[in-house]
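As structure tokens, the structure follows; a few thoughts come after it.
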2 protein chains.
Amino acid sequence: MTTNKSRTRGRPRRFDPEAAVATAQRLFHARGYDAVSVADVTDALGINPPSFYAAFGSKVGLYQRVLDHWTDTEAIPLADILRADVPVATALAAMLEDAARRYASDPAAGGCLVLEGTRCTDDGAREAALTLNLGAESFIRDYIAARHPEAAEEAADFVSTTMSGLSAKARAGYDLPRLLATARLAGRVLAQILPA
Amino acid sequence: MTTNKSRTRGRPRRFDPEAAVATAQRLFHARGYDAVSVADVTDALGINPPSFYAAFGSKVGLYQRVLDHWTDTEAIPLADILRADVPVATALAAMLEDAARRYASDPAAGGCLVLEGTRCTDDGAREAALTLNLGAESFIRDYIAARHPEAAEEAADFVSTTMSGLSAKARAGYDLPRLLATARLAGRVLAQILPA
DNA sequence: ATTTATTTGTAGTCACTATTACAAAATACC
DNA sequence: GGTATTTTGTAATAGTGACTACAAATAAAT
């Protein structure tokens, strides 16, 4: 499927772009977009700046690739969790628990890659992360609105705020049990305002 | 009270350090520690770098002064809100509402100065903010533990996480009604797990 | 008026940032 | 084997970050 027409001649690549994206994802997740320099990335990959810019174009270019890769591999599977055949509050509670587990899963890289990315100083990177996050929030709000239109905004805001808080606390070092306890408390409210 | 022994001779100051701290506070709150350069501060104050370093020592030195000033003027008055003569859940709910109001009060500077400061890349500034935040969290946890020891950690974590989320969402542009609605939903859980 | 203490303005240092010019090196094609 | 094509390594560029050396300027104290 991948026609590598432009790689038939010349020196072969010394690094696999796919693996490079995975490595970069680890760096960005652990230290945040701002704190990771291009030199950090090239050092970690064992390549030099020209190879980096030939492959990714720019730092935000790499970040975009990282976000795409993350969406395909580590993002919360909203479409699977927010199902039409379970009560809305139950599904949302499951989503919050899933978030807590993911945010705490890697102690070296706390929190959500995207939520943390929405807070970086670089305009381009921040908007890329914001776009992804807005999409997820719309998905959640629409899911709620389908069965509880009058409570959709309130509930969606509550859920989003809780997830932002969970990500921040995961980054601050809270372990899984503590995050999970908070997620479950938040789930209680949802059961109240979104009766099955 | 202020013995300005060392200012008896020489050229008088062209700027008031107190007012300078207030101006710096606005800058840091609006754009965050990382995004504000020393040049931004000196430009805003109409002074030159040597005057800045003579007055504050360093960028984190100024930030410390800003945090102190903030503690005295704009911090949530925990000691007033978390009273012994009201139910714990009621007081905590009032605190969350107060946080929502403060975080949304200045549309140009969303969120909590300290909570946002705990996420900057500079080690010194981050730890200064973290220290302040840890103190506040301990105060809250102790307040809960006095009457609900078994639920203290769970409730304190939930409150802290909610506040982090509120600050993040305020920074993302949520207006007061939305923040307030979320704060009130969080208050409901507290009423459940901390019965009067 | 002269001395003295202090701040100011100019200009610079040094480290680091993202990004790129250029030429040597290495491979596939003919 | 020769050539075309592409990547690589070296090194540089332009910009910005925090911070400072130094001498002129100023005003109080004498």
Side-chain angles (χ1 to χ4, degrees), chain A residues 2-21 23-24 27-28 31-66 117 120-128, chain B residues 2-21 23-24 27-28 31-66 117 120-128:
Chain A
T2 67
T3 71
N4 40 4
K5 196 191 327 184
S6 62
R7 211 190 299 170
T8 51
R9 263 181 282 215
R11 184 188 251 198
R13 290 207 124 87
R14 224 189 69 197
F15 71 104
D16 175 17
E18 297 250 13
V21 168
T23 300
L27 283 178
F28 283 137
R31 312 218 298 266
Y33 183 86
D34 287 332
V36 174
S37 71
V38 172
D40 291 333
V41 176
T42 54
D43 286 355
L45 297 179
I47 63 175
N48 292 305
S51 302
F52 173 88
Y53 284 95
F56 304 112
S58 67
K59 189 183 173 186
V60 308
L62 169 63
Y63 190 61
Q64 273 286 6
R65 298 270 299 259
V66 165
C120 76
T121 342
D122 183 272
D123 288 346
R126 191 175 59 249
E127 287 187 21
Chain B
T2 66
T3 71
N4 38 4
K5 196 190 330 182
S6 62
R7 212 190 300 169
T8 51
R9 266 181 278 213
R11 184 187 252 198
R13 292 208 124 88
R14 223 187 71 197
F15 72 104
D16 175 18
E18 296 250 11
V21 168
T23 300
L27 283 178
F28 283 136
R31 312 217 298 265
Y33 183 85
D34 287 332
V36 174
S37 70
V38 172
D40 291 332
V41 176
T42 54
D43 286 356
L45 297 179
I47 63 175
N48 292 306
S51 302
F52 173 88
Y53 284 97
F56 304 112
S58 68
K59 189 183 173 185
V60 309
L62 169 62
Y63 189 61
Q64 273 286 5
R65 298 270 299 260
V66 165
C120 76
T121 49
D122 182 273
D123 288 346
R126 191 174 59 248
E127 287 189 20

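Order of the sequence lines fixes the chain letters, A, B, ..., with proteins taken first and strands second; residue numbering starts at 1 for each chain. Values below: every heavy atom of this structure, side chains too, minus hydrogens, waters and symmetry copies.
With B:N48 contributing its side chain and B:P50 its backbone, the two residues share no donor-acceptor pair below 3.5 Å. For the pair A:K59 (side chain) and A:A125 (backbone), a donor-acceptor distance under 3.5 Å is absent.
Two residues are said to be in side-chain contact when any heavy atoms from C-beta on lie closer than 4.5 Å; A:D122 and A:Y63 fail this criterion. Using a 4.5 Å heavy-atom cutoff, the side chains of B:V21 and B:E18 are not in contact.
A salt bridge is defined here as a Lys NZ or Arg NE, NH1 or NH2 lying under 4.0 Å from an Asp or Glu carboxylate O, and A:R31 with A:D40 meets this definition.
As a whole-Å value, the separation of B:L45 CG from C:dT7 C1' is 15 Å. Counting to the nearest Å, the P atom of C:dT7 and the CZ atom of B:F56 are 13 Å from each other. Atom CG in A:N48 sits about 11 Å away from atom P in D:dA11, given to the nearest Å.
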*If a protein heavy atom is under 4.0 Å from the base, mark B; if only from the sugar-phosphate, S; if neither, -; do that for nucleotides 13-23 of chain C going 5' to 3'.*
----SSBBB--

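Residue A:C120 comes nearest to A:R126 through the heavy atom pair O-NH1, 3.0 Å, listed as atom of the first residue, atom of the second, then distance.
Put simply, A:S51 has no side-chain N or O that comes within less than 4.0 Å of OP1 or OP2 on D:dT7.
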